[in-house]
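By convention in this document, chain letters (A, B, ...) are assigned in the order of the sequence lines, proteins followed by strands, and residues within each chain are numbered from 1. Bear in mind that the values here come from a model prediction, so they are computed numbers and not experimental data.
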There are 2 protein chains.
Amino acid sequence: MSEVEEPMRLVHLLRGLTVELDLFGAEFAAGNGLHPTDLRALIHLLDAARAGEVVTPGRLGEALRLNSAGTTGLVDRLERLGLIRRERDPQDRRRVRLLVEDRAMELGQGFFGGLIGDLLAAMRRFGPGELETAGRFLEAMTTVVAAARQGTREQRGGGATPARGSS
Amino acid sequence: MSEVEEPMRLVHLLRGLTVELDLFGAEFAAGNGLHPTDLRALIHLLDAARAGEVVTPGRLGEALRLNSAGTTGLVDRLERLGLIRRERDPQDRRRVRLLVEDRAMELGQGFFGGLIGDLLAAMRRFGPGELETAGRFLEAMTTVVAAARQGTREQRGGGATPARGSS
DNA sequence: GCAAGTGTCTCGCTGAGCGAGAGAATAATC
DNA sequence: GATTATTCTCTCGCTCAGCGAGACACTTGC
């Protein structure tokens with residue numbers, strides 16, 4: 001009806017989409033004996049591997065907001081599942097390199113690969129101009145969320161927000 | 001070449017956006033002494049309240065894919081935080097209605113409200129036609145993910161959706 | 001009344017993640 | 001070359017979310 005409704009619908013669409021993607025990931029994880037955290041770790045590791053970056057337990061834990069103990073447990077699980085392998089860094093022998101096994105590649109590929117294929121197929125029904133618009137839109141939304149994330153983090157301890165708990 | 005690259009860029013944008021939204025939610029949760037599950041429950045409850053639907057522990061647990069025991073624990077936590085209230089259904093006294101307290105409304109409003117305002121502001125920089133395109137795009141992507149979710153569930157020797165327990 | 005069905009909660013347990021700190025290696029200073 | 005500080009990773013003990021199994025309360029059908 002009014003110009004106010006369409007944007008609000010988009011907000012709900014955005015949330016709905018993230019919910020679906022979350023559920024998709026959660027079900028994939030559960031179906032493969034993984035926890036959501038394990039899956040996020042796997043994604044991070046695969047991304048890094050593709051970018052040719054070296055991942056250590058420290059970096060992984062930082063990315064996932066886990067403490068060192070939790071990270072060790074996570075790496076143990078992934079290693080036990082045969083998805084990654086530990087290897088001492090010969091340059092700095094305090095460090096441990098996390099190497100992704102083929103099994104993990106296949107797991108990620110066979111699953112997300114299918115989804116990505118479907119997404120690309122659906123995109124083919126949009127014109128180049130439309131895709132460009134969608135891209136700009138997604139970028140704008142991502143920027144807003146990222147900025148809001150920064151903002152609320154600063155609020156905590158300064159503004160009128162109660163910000164309870166936290167000893 | 002750009003005809004192949006642009007869609008792939010969109011895929012990564014989608015994932016990046018969901019990651020940002022997830023982190024946003026997780027930080028909000030942590031900042032308020034909630035767990036991710038608690039937050040998801042709260043969103044579900046607020047949605048239902050706005051739609052005028054009655055939520056019972058059973059329905060909530062089903063929506064969040066939680067065990068009845070886990071659901072009881074979840075409801076206990078939310079009640080202890082003063083976010084919801086239990087109330088026996090006078091029609092069917094086996095049932096418990098989950099009533100959202102004002103405090104929960106404020107929590108959701110004061111936080112997501114701000115984000116939504118920012119998102120709407122950013123959308124104002126797009127024309128009506130562009131917003132329509134973005135909406136169709138989001139709908140298409142959501143449909144694909146939802147369909148993929150169904151597909152993989154069936155792959156898993158599943159059969160009729162268990163809806164609960166089983167496995 | 002009694003039996004079957006449904007909705008919620010209790011009990012005991014597993015395991016992810018936390019805080020604290022130990023251990024091993026490197027880097028910096030004398 | 002030894003000593004100290006720094007940087008990674010891992011171990012220990014603990015808390016608590018969520019699971020499986022089953023108890024309890026209530027409703028419906030006979």
Could I get a table of every N or O pair under 3.5 Å where one atom is in the protein and the other is in nucleotides 24-28 of chain C?
none

Legend entry - Between D/dT9 (P) and A/Ile84 (CD1): distance, integer Å: 12 Å

Legend entry - Salt-bridge contact A/Glu130-B/Arg136 (side-chain N to carboxylate O under 4.0 Å): yes

Legend entry - Phosphate contact (C/dG17 OP1 or OP2) by A/Arg77 side-chain N/O below 4.0 Å: yes

Inset, instruction - Output yes when B/Arg15 and B/Asp22 qualify as a salt bridge under the 4.0 Å nitrogen-oxygen rule, no when they do not. - result: no

Inset, instruction - Determine the contact category for A/Gly73: base if any of its heavy atoms lies under 4.0 Å from a base atom, sugar-phosphate if only primed atoms, P, OP1 or OP2 are that close, otherwise nothing. - result: nothing

Legend entry - Nearest listed nucleotide, side chain of A/Leu66, among C/dA20, C/dA16, C/dG17: C/dG17

Legend entry - A/Val54 side chain reached by A/Arg95 side chain, heavy atoms, under 4.5 Å: no

Inset, instruction - Take the protein atom CG of B/Leu74 and the nucleotide atom C1' of C/dT10, then report the distance between them rounded to whole Å. - result: 17 Å

Legend entry - Distance below 4.0 Å between B/Thr37 side-chain N/O and D/dG18 OP1 or OP2: yes

Legend entry - Rounded distance in Å - CG (A/Asp38) to C1' (C/dG15): 12 Å

Legend entry - Atom-pair distance (CZ on A/Arg97; P on D/dT7), nearest Å: 20 Å

Legend entry - Crowding at CD, B/Glu79 (>12 non-hydrogen neighbours, <6.0 Å): yes

Inset, instruction - Return yes when atom CZ of B/Arg77 has more than 12 non-hydrogen atoms of other residues, nucleotides or ligands closer than 6.0 Å, and no otherwise. - result: yes

Legend entry - Length of the line joining B/His35:NE2 and C/dG15:P, which is rounded to integer Å: 20 Å

Legend entry - Interatomic distance, A/Arg95 CZ vs C/dG23 P [rounded to whole Å]: 23 Å

Inset, instruction - Select base, sugar-phosphate, or nothing to describe what B/Thr71 touches, counting heavy atoms under 4.0 Å on all strands. - result: nothing

Legend entry - Atom-to-atom span, CZ of B/Arg59 to P of C/dG7 - whole angstrom: 8 Å

Inset, instruction - Check the distance between D/dT15's P and B/Asp76's CG and give it to me in whole angstrom. - result: 19 Å

Inset, instruction - Answer with base, sugar-phosphate or nothing: what part of the nucleic acid does A/Arg86 contact at a heavy-atom distance below 4.0 Å? - result: sugar-phosphate

Legend entry - Connected via hydrophobic side-chain network under 4.5 Å: B/Leu60 and A/Val19: no

Inset, instruction - Check whether any side-chain N or O of A/Asn67 sits under 4.0 Å from OP1 or OP2 of C/dC18, and answer yes or no. - result: yes

Legend entry - Check: A/Thr56 side chain, D/dC8 base, donor-acceptor under 3.5 Å: no

Legend entry - Any A/Leu34 side-chain heavy atom under 4.5 Å of A/Leu81 side chain: yes

Legend entry - Candidate nucleotides C/dC18, D/dT9, C/dC11, ranked by approach to the side chain of A/Ala69 - the nearest: C/dC18

